[in-house]
Amino acid sequence: MKLLNISYEKYKLDNGLEVILHQNKNLPMVAVNIWYKVGSAQEVKGKTGIAHLFEHMMFQGSENVAKEMHFRYIQEAGGTLNGSTSFDRTNYYEKGPSNFLEVALWLESDRMGYLLPALDQDKLDNQKDVVYNERLERYDNQPYGLAWELLITNLYDKSHPYSWSTIGFADDIKNYTLADVKNFFRTYYAPNNATLVIAGDFKRDKAVSFVEKYFADIKNAQIVVPLKISNGKLTQNKIIRHKDNVQLERIYLSWLSDKAYGKDDAALDILSDLLTGSKNSRLYKTLVFEKEIAQDVTAFQFSGKYGGHFTIVATVKPGKSIDEIKTKIFNIISDLIKNGISSKELEKSKTGIKSSFIFSLQNLDSLADHLNSYNFYLNEPNSFSYDLERYNKVEEEDIIHVTDKYLSNPYIELRVVPKDNES
Amino acid sequence: MKFDRSKKPSITSKLIFKMPSHDKFVLKNNLDVYFIKKDVLPIIKINIIIYAGSKFEQPGKKGISNLLTMCIDEGAGEFDSLQLSEQFDLLGVQFSVSGNNDTIQLTLQTLKENFGKALELIGKILISPHFDEKDFKREKRKILTSLKQLKDDPDYLASTSFKSLLFGKRNPYSFPFLGLEKDINSITNKEVVSYYQNYIFPNNSFIVIVGDISNKELRENLDKYVSSWKTGNFDAQFKSTDKSDEKVVYIVDKKDSVQTEIRTGHHAAKRNSKDYFPKHLLNTILGGQFSSRINLNLREKQGYTYGAGSSYNYFKDSAYFSVSTSVGIENSANALNEIFKELNKIRDGVTEEELKFAKSSIVRKFPLSFETNSQVTSNFIGKVIYDLPDDYFDSYINNINSVTIEDVNKAAQESIFPELATTVLVGDKEKLIPQLEGKDFGKVEVINNF
């Protein structure tokens with residue numbers, strides 16, 4: 001599809017910084033998006049969460065940018081900004097009117113090259129408090145908020161870097177030292193470990209010269225040795241019960257699956273849609289619509305560079321049986337493996353996926369982030385068509401095959417139950 | 001190339017941004033249509049807004065409008081519930097029905113090529129919904145379970161209890177759109193149908209369409225699929241009696257919480273009041289963005305929270321100001337103390353520098369709020385609902401730029417009242433009560449089961 005063919009230019013500075021430019025003149029705005037190839041997967045035991053804490057420190061000012069001024073300069077220029085940390089990478093992004101490009105690049109370059117002189121104990125202590133509160137707000141004080149952590153810590157082998165969550169364990173958050181944080185910067189924050197995307201309405205030559213001006217003098221670092229991952233297998237089912245401040249029970253079933261862009265990844269995505277993506281999807285229709293034994297049901301394929309897992313989550317209706325839901329889920333999976341799916345079901349999923357690809361192009365930040373993501377995982381920023389084609393190529397037999405291949409394996413079963421419920 | 005890194009690059013070039021123009025016309029059934037052409041992508045967004053939100057519900061029937069939104073797409077025309085949903089799936093259309101205190105909205109996003117078929121389905125939903133008893137019963141059980149679940153959600157508890165306590169039981173805006181459990185139990189399918197028959201009319205609605213379609217094609221499709229939706233008579237009256245503000249702290253007890261959700265605030269003037277622009281600048285300085293006073297203090301200085309902010313929140317016929325944050329439970333009183341300090345301090349006035357920063361941020365960011373079809377749609381919906389002037393968007397930047405520091409300081413005096421703030425703390429009362437002793441946040445009342 002022509003629409004999904006995104007033109008770009010990619011080059012490298014002498015210090016190793018990779019640059020991707022994409023011109024898009026629809027509106028007078030520009031997006032800047034940097035991926036550092038470091039996420040929580042690079043952390044070590046006892047210091048979990050440091051990649052995410054570090055993301056916070058990147059907003060605390062640098063040698064030429066006083067505390068609080070990073071946000072202020074972007075906002076003054078009419079921009080919006082944020083960052084995020086995942087298992088695989090940390091990204092920083094801002095979007096603003098076209099004339100804010102130089103300010104954005106100046107700020108990004110200053111914290112890429114000159115963060116350490118401005119990093120001190122007060123800033124660290126403050127952001128440790130902030131991140132600790134973030135953990136309370138988004139995990140500990142949320143109903144079912146600890147489920148993700150409980151799942152991945154049990155699902156992945158203890159030596160696998162996805163066996164802890166990006167927010168980090170509470171005790172670890174309290175214990176990072178200034179030296180830890182500085183070392184982390186020296187090891188991972190360097191031009192040769194980053195890719196800069198500029199997307200939107202800008203003059204090409206001007207952008208190239210800004211990038212040269214602000215980034216060329218930043219020193220590269222020793223290349224970090226890539227992680228060696230051994231994907232351990234789950235050898236038997238594991239059942240975990242967790243008591244939480246909730247009214248309704250919830251069951252999570254999780255299997256190790258394929259990694260991002262692995263050969264089964266797209267089929268597993270489609271499988272999740274076939275199971276729970278619509279009213280007519282198999283699990284939703286039976287559990288929620290017809291039997292009304294579940295209040296909701298969701299399935300998803302999570303996949304990253306080093307691994308993935310497929311998960312089904314259902315909330316138990318008051319007075320209904322969690323065991324009945326579990327039995328039904330497994331019956332529906334067996335039926336799918338035995339009898340397959342209809343071509344209409346598959347067609348509906350593919351149509352939905354195609355539409356959402358096109359809908360997603362509206363947003364310049366998300367476009368810029370996609371270019372970086374495709375570049376990171378596939379080494380080709382213009383992979384929208386390739387990506388969509390992965391889904392188009394999936395056939396009915398592929399769905400049966402991946403369901404059998406992964407969902408017949410041992411799994412983690414997590415039951416979150418109300419605190420006062422002793423059942 | 002040597003240069004001075006310590007100098008921030010200046011922004012010199014002016015930006016040229018052309019507001020998307022809109023076309024307004026009326027269908028023969030009196031449905032107002034707002035159309036904004038945007039053809040960078042072959043997609044179209046359709047929003048139908050109906051003035052049938054929960055504020056029109058009778059006492060004892062709180063939850064009926066939400067049940068209507070849940071049931072209206074459970075079968076229509078020749079399709080039953082599952083078939084209708086499948087029709088949308090086959091087109092790759094994203095469709096949803098939602099609502100709030102003022103309105104009910106049907107929202108749809110489609111590829112250009114499926115516009116006609118998508119509109120035809122929306123037409124069926126508006127004109128011939130089934131309201132099957134069986135579907136109603138299922139949806140009713142679903143919402144009753146949702147309400148039970150929401151008792152676990154500290155954010156939802158804080159927002160709904162704050163609104164309820166601020167507005168008082170005599171004001172329809174005080175009730176959550178999702179309704180009250182005891183009322184929902186007694187609502188019948190018949191009553192939902194009669195709510196539909198009383199309010200769901202084209203002359204009580206408007207439609208906003210943004211995307212890649214010609215005016216001609218749009219009109220043809222609207223004529224074909226929506227114009228047979230029948231005009232009717234409705235009673236749009238509702239009584240809104242604002243409870244007077246008073247300084248009280250309500251503790252909504254949630255045992256074993258590790259955080260406290262804080263909301264504090266008071267009533268405010270309506271969206272289309274004259275001092276909107278000074279207030280918008282004032283709030284940008286006080287708590288509207290990351291670099292605002294409240295967040296810099298509570299997050300970046302004290303480390304009490306992941307984030308804190310303030311906002312003026314607008315209904316069609318009422319409004320309120322509120323500060324919200326969530327903090328580690330041991331810092332609840334400390335955080336509240338800092339919030340009140342900031343509210344008192346801003347009444348002493350803002351600085352020229354703060355105002356310049358706020359203006360710059362708002363004015364330069366303006367074009368970004370017209371990027372996606374959803375953003376354009378929601379801007380136009382706001383303009384219609386709040387009855388803003390025709391040239392609202394064209395004069396927006398001028399209106400911001402012409403606000404003086406005196407205007408902002410006057411707004412601070414006239415629209416921030418810490419001495420009349422209603423405060424809600426959702427958290428563990430055993431840990432909260434001792435912290436509040438001897439503090440001047442207002443008299444303390446405990447609510448054990450909201």
Side-chain angles (χ1 to χ4, degrees), chain A residues 3 26-29 63-64 67-68 71-73 75-80 95-100 102-103 106 110 114 125-126 129-130 132-134 136-138 140-141 143 212-213 245-248 278-280 285 289 292 295 315 317-318 348 351-352 354-355 358-359 361-364 419, chain B residues 1 3 5-6 8-9 11-13 15-17 40-43 81-82 85-86 89-94 109 111 138 141-142 145-146 148-149 151-154 256-259 289-291 296 299-301 303-306 326-328 357 360-361 363-368 370-373:
Chain A
L3 200 61
N26 293 337
L27 278 171
M29 59 173 75
E63 186 169 10
N64 299 295
K67 180 171 158 86
E68 292 167 13
F71 265 92
R72 205 167 264 272
Y73 288 143
Q75 291 181 330
E76 184 183 45
T80 56
K95 178 171 68 179
S98 291
N99 58 10
F100 104 131
E102 190 177 1
V103 173
W106 171 67
D110 210 56
Y114 310 94
D125 289 344
N126 167 250
D129 285 344
V130 171
Y132 186 71
N133 273 293
E134 178 179 358
L136 293 182
E137 184 177 330
R138 294 171 63 169
D140 302 85
N141 208 42
E212 178 70 23
K213 175 176 175 186
N245 283 322
V246 295
Q247 315 282 322
L248 303 182
S278 66
K279 249 185 217 171
N280 288 281
K285 187 176 158 190
F289 192 87
E292 289 186 65
Q295 172 73 356
T315 309
K317 278 250 186 193
K348 276 191 298 186
T351 306
K354 178 185 139 198
S355 299
I358 297 170
F359 297 149
L361 295 175
Q362 292 181 75
N363 195 316
L364 197 58
K419 270 196 173 153
Chain B
M1 184 171 48
F3 67 101
R5 223 174 228 290
S6 69
K8 180 176 91 75
I11 294 174
T12 46
S13 61
L15 208 70
I16 299 153
F17 170 64
V40 290
L41 289 168
I43 56 179
S81 173
L82 291 175
S85 170
E86 180 164 66
D89 294 343
L90 287 167
L91 299 173
V93 158
Q94 293 173 349
Q109 179 158 239
L111 296 181
R138 186 189 58 246
R141 286 189 288 264
K142 193 189 284 170
T145 306
S146 293
K148 200 171 156 95
Q149 266 188 302
K151 288 184 179 165
D152 300 330
D153 183 343
D256 297 336
S257 296
V258 292
Q259 279 204 316
Q289 56 185 14
F290 188 93
S291 305
L296 288 185
R299 172 180 155 132
E300 296 296 283
K301 192 168 161 217
Y304 291 156
T305 176
Y306 180 50
S326 57
V327 302
F357 168 68
S360 169
S361 162
V363 167
R364 287 175 165 153
K365 197 161 65 187
F366 187 64
L368 271 66
F370 294 88
E371 184 183 10
T372 64
N373 289 0

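Order of the sequence lines fixes the chain letters, A, B, ..., with proteins taken first and strands second; residue numbering starts at 1 for each chain.
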Checking heavy atoms, do the side chain of A:L361, its backbone, both or neither come under 4.5 Å from chain B?
both
Name the region of B:V327, side chain, backbone, both or neither, that has any atom closer than 4.5 Å to a heavy atom of chain A.
backbone
If I measure from the heavy atoms of chain A, does B:I43 come under 4.5 Å with its side chain, its backbone, both, or neither?
side chain
Under 4.5 Å from any heavy atom of chain B, what part of A:F289 do you find: side chain, backbone, both or neither?
both
One option among B:Q259, B:K365, B:K301 has the most heavy-atom pairs under 4.5 Å with chain A, and it is B:Q259
Quick one: CZ on B:R5 to CG on A:N64, what's the gap to the nearest 0.5 Å?
7.0 Å
Return yes if a side-chain donor-acceptor contact under 3.5 Å exists between A:Q75 and B:S361, otherwise no.
no
Considering only heavy atoms, which portion of B:T12 lies under 4.5 Å from any heavy atom of chain A: side chain, backbone, both, or neither?
neither
Contact winner vs chain B - A:G79, A:G352, A:S98, A:P318, heavy-atom pairs under 4.5 Å:
A:P318
Against chain A, work out which of B:P154, B:S360, B:P367 has the most heavy-atom pairs shorter than 4.5 Å and name it.
B:S360
d(B:K8 NZ, A:W106 CH2) to nearest 0.5 Å is 7.0 Å
Any side-chain heavy atom of A:F359 sitting closer than 4.5 Å to one from B:L41?
no
Rounded distance [0.5 Å steps], CG in B:L368 versus CG in A:L364:
8.5 Å
Smallest separation among heavy atoms of B:T145 and A:K317, with atom names:
OG1-NZ, 3.6 Å
When only pairs under 4.5 Å are counted, which of A:D129, A:V246, A:D140, A:V130 shares the most heavy-atom pairs with chain B?
A:V130
If you measure only the distance, is there a donor-acceptor pair under 3.5 Å linking the side chains of A:E134 and B:Y306?
yes
For chain B, which of A:R72, A:E102, A:K354 has the most heavy-atom pairs under 4.5 Å?
A:R72
Between CG on residue A:N245 and CD on residue A:Q247, distance to nearest 0.5 Å:
9.0 Å
Looking at A:T351, A:N126, A:T315, which one has more heavy-atom pairs under 4.5 Å with chain B than the rest?
A:N126
So which part of B:F370 gets closer than 4.5 Å to some heavy atom of chain A, the side chain, the backbone, both or neither?
backbone
Report the distance from atom CD1 of A:I358 to atom CD of B:Q109, rounding to the nearest 0.5 Å.
10.5 Å
Is it the side chain or the backbone of A:K67 that comes within 4.5 Å of chain B heavy atoms, both, or neither?
side chain
